[in-house]
Structures are given as C-alpha cells and as structure tokens.
Amino acid sequence: MSHYARGRIVMNIAVVTSGGDAPGMNAAIRAVVRAASGQGLRVIGVEKGFLGLIENLFRPLTPRDVSGIINTGGSILKSSRCDLFKTPEGLEKASENLKSWKVDWVIALGGDGSMRGALSLSKVSGIPVTVIASSIDNDIAGIDETIGFDSAVNTAVEAIDKIRDTAVTYDRVFIVEVMGRNRGFLALEVALASGAEFAVIPEHRISIEEIGKRIRQMGEIGKKSSIIVKAEGAMGDPFQMASQLRRLTGYDLRVTVLGYIQRGGVPTARSRNLACLFGNHAVKLAIEGKKNRLVGLKDGKVVDLDIEESCSSIKKIDEDKYELVSILAV
Ligand code: ADP
C-alpha cells in the first residue's frame, strides 16, 4: 500500500484502457500521468487492456511519454476484449502481475463492461480501483456523460448532415445505423441533433408497419425525404428493414451503416476537457484513498460514485428526448 517518504506519498498507479476505444482516452491517460507526476506518484501503463494485466504487458509512463496525444483518438496503450479476465484464473494472474509490479492502485478507462471487470479485479486482488467513464455508448448508470460520447455524436451528426443532402435532392428515405448494440443513448442524441424524423432504439419497440405509416404521413405533410437513425441493436438488419419499408411505402430507401468511424477520430474539445477533469479527479481519489469509485459527469459536475452501485443499476433513456424527436419532425 501507499506510504510516505520524506513527507511525500509514494504510490504506484497502473493505468489501463479497456473495451471499446473512445475519443479522449489518450487525453485522459495524459491527465492521469501528469496529475500523478505532479504529486510525485509513479504511473505504470498496462498495454492491451485487461489482457495486458494477465500477460504482464506493463511499462512505466512519464509525463514526456504522453506528449502530443491530447488530440488523438484510440488509445496509445491499446485495448482489447478479454474473456479470460472473466474467469478466476485470469483475475488471479492479473492480480499476481500487479503485485509483482508493486501496484497500489488501478485506474481503468472504459465503459460498462470494463467497470464490471475492474470491480471483479479489486475483489480478487484487494487492490483498489478507480474507473474513468470512457465510452461512446454513454450507458453507465449514475452518470450523465462519459469521455468520447460527445465526439461520437458529433462524428455521426456530421455524416448525417452530408447524407441529408442526397436524401433531399433525391426524395429518399435513409436509414442511418449508428453504434449501440444494447442501448440507444448515442442514437437518440444523434437523432435529435441531426433533425432526424425517427429514432429507432432498443428501449422502444416499434413495428415496421408503424414506421411505414409514419413515413407515408411525412409524405402527406410535404416531407419527401426522411432520416431514420437506428441503433444497431434495434430492429435487426437495416438492409432488410429498408426492403420491407420499400414494399410498405413505395419510397426509395437507402442504408448507411456508420460503423467504426464513430469510435475513432480527433476528440472534440468537450471530450478532451472531460478527460482532463476525470483524469485529475481519479488521481485525487487515489491520493485520498477513496476506493472503488466511478468518475463521470453528473448534473454538469465531475462526480465519483460507488462502482458496485452503478453496476447494479440500469441507466434510463430520456423519454422526453425520445418524444421530442417526433414532436420536432412535423
Ligand atoms: P466496455 O468497457 O466498452 O463496455 P466490454 O463490455 O467489452 O467493453 O468490456 C470490456 C472487458 O471488460 C471485457 O472484454 C472483459 O475483459 C471485462 N469484463 C466485462 N464484464 C466483466 C465481468 N463481469 N467480470 C470480469 N471482467 C469483465
């Protein structure tokens, strides 16, 4: 555990990026390394996410190692999905490696899954963790915003602005599929910001007939083109959906799947600033000894919440926002 030497706290912090990458993760790594270094703490980077904890892929990080990354997407530490980490053997091995590097505290950057992984790690190893909410899905319970969400929303909206030009010119209906296998936070935010006519999200079941009816109604009020923003986890295959709607409405439908362009790219100023604030806050929690907290944004403020509590709750979709998409589509 941490101890004091000549009046200063001595501590080794391991930092790891896990799960889906999100723009701003690098800015957060930079913030952790530099905020920690300012307090005389050492930071050790773990490569390839939780897999790197198991495979002992550790390397010390200095403030110079994190130069020039505040404006880059992805993660300089790399990331992974790691099923072995869900097993007792994987967690034991990770715990052994952390102890051999004399790690006192783990800061993990990731989404909902990574938060669960970090909590399991802390239970098995006894080493405290802090999770910095970083995910384009923005589906972590208890907080309003994660690092990277704003960047992904902006990327998708920019793409839809371009798609709309063709939709209007050709009187077409476009289905634009955005990421979100289980939750529709990204799709909803993107639908509202791009002025889409429909948000199709996993939280709200809607029949294909109903969508077809609404497309025809749009036509009757003079809207010859529409944008349907669909989360990947809602209503199955978008190409099948398009051919069904073609049959039901007689409209010319096209599909664009935005895919991985939403995960990468230059982080927005908002994502970078959240990264700076969250990274600094995470280091503060380690210095204060406040264990197993999730760092995120809530009601406009940086907060830290009990990880266990967040893991046992489900984030609710904003129903007013969902309604507003339809209200403004007339
Ligand atoms: P994200 O963090 O972006 O939501 P995932 O859901 O893929 O991404 O989770 C990232 C990793 O976290 C998984 O590949 C796995 O290694 C780990 N993980 C997820 N859930 C658990 C769990 N219940 N126990 C241990 N590890 C987990």
Side-chain angles (χ1 to χ4, degrees), residues 14-26 28-29 46-57 73-75 77-98 106-143 145-153 178-187 202 231-233 259-260 262-264 267 271 274-275 278 282 292-296 305-315:
V15 62
V16 59
T17 52
S18 166
D21 54 325
M25 274 183 161
N26 282 336
I29 295 169
V46 182
E47 300 207 314
K48 292 196 182 172
F50 293 151
L51 181 69
L53 285 174
I54 296 170
E55 292 188 349
N56 206 13
L57 307 175
S75 166
L77 289 174
K78 302 182 183 289
S79 186
S80 64
R81 315 259 183 204
C82 176
D83 284 337
L84 190 53
F85 201 72
K86 294 180 178 169
T87 65
E89 303 76 51
L91 287 166
E92 278 299 339
K93 188 71 199 150
S95 160
E96 253 173 52
N97 288 332
L98 284 165
V106 174
I107 296 181
L109 281 73
D112 188 64
S114 303
M115 176 174 71
R116 289 165 205 281
L119 184 62
S120 305
L121 175 69
S122 181
K123 284 182 178 163
V124 169
S125 66
I127 299 171
V129 299
T130 305
V131 173
I132 297 180
S134 323
S135 155
I136 67 159
D137 295 331
N138 203 24
D139 58 349
I140 301 181
I143 59 164
E145 193 173 338
T146 52
I147 294 169
F149 180 62
D150 182 66
S151 302
V153 169
V178 301
M179 282 190 164
R181 276 192 302 258
N182 305 310
R183 305 304 310 271
F185 297 100
L186 180 65
E232 62 184 316
Y260 284 97
Q262 299 159 90
R263 284 249 295 263
S271 289
L274 289 185
F278 292 5
N292 297 356
R293 309 292 288 179
L294 161 74
V295 179
L305 311 169
D306 182 43
I307 292 181
E308 196 123 32
E309 237 169 75
S310 182
C311 282
S312 57
S313 332
I314 293 173
K315 185 170 174 176

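Just so you know, ligand 1 is whichever comes first in the structure, and atom 1 is the first atom listed for that ligand.
The two residues Ala275 and Gly24 come nearest to each other via the heavy atoms CB-O, 3.3 Å. Taking every heavy atom of both residues into account, Thr17 and Ser79 meet most closely at O-OG, 3.4 Å. In plain terms, the two heavy atoms of Ile147 and Ser271 that are nearest each other are CG2-O, 4.0 Å.
What sits closest to atom 23 (N) of ligand 1 on the protein, heavy atoms only, is Arg116 CB, 3.8 Å. Gly113 O, 3.0 Å is the protein heavy atom nearest to atom 19 (C) of ligand 1.
The residue among Ser134, Ser114, Gly20 with a heavy atom at the shortest distance from atom 10 (C) of ligand 1 is Ser114. The residue among Gly117, Cys82, Gly148 with a heavy atom at the shortest distance from atom 27 (C) of ligand 1 is Gly117.
Put simply, part of Ser18 is less than 4.0 Å from ligand 1, judged by heavy atoms.
For the pair Thr87 (side chain) and Leu84 (backbone), a donor-acceptor distance under 3.5 Å is present. Side-chain N or O atoms of Ser80 include none that pairs as donor or acceptor with a backbone N or O of Cys82 at under 3.5 Å.
Short contacts between ligand 1 and Phe85, defined as distances under 4.0 Å to a heavy atom of the residue, involve ligand atoms 16 (O), 25 (C), 26 (N). Residue contact check: Arg81 has heavy atoms under 4.0 Å from atoms 3 (O), 5 (P), 7 (O), 8 (O), 14 (O) of ligand 1.
In terms of polar-atom proximity, defined here as any N/O pair under 3.5 Å, Gly111 does make such a contact with ligand 1.
By the side chain to side chain contact (heavy atoms under 4.5 Å, CB included) test, Asp112 is found to be paired with Met115, Arg116, Asp139, Ile140, residues two or more places apart in sequence or in another chain being considered.
Counting heavy atoms under 4.0 Å from ligand 1, residue Ser120 touches it through the side chain alone. Residue contacts with ligand 1, taken as heavy atom pairs separated by less than 4.0 Å, involve Phe50 solely via side-chain atoms from C-beta onward.
Within the structure, the salt bridge (charged side-chain N to carboxylate O under 4.0 Å, His left out) test picks out the following pairs touching residues 119-130 (sequence neighbours left out): Lys123-Glu308.
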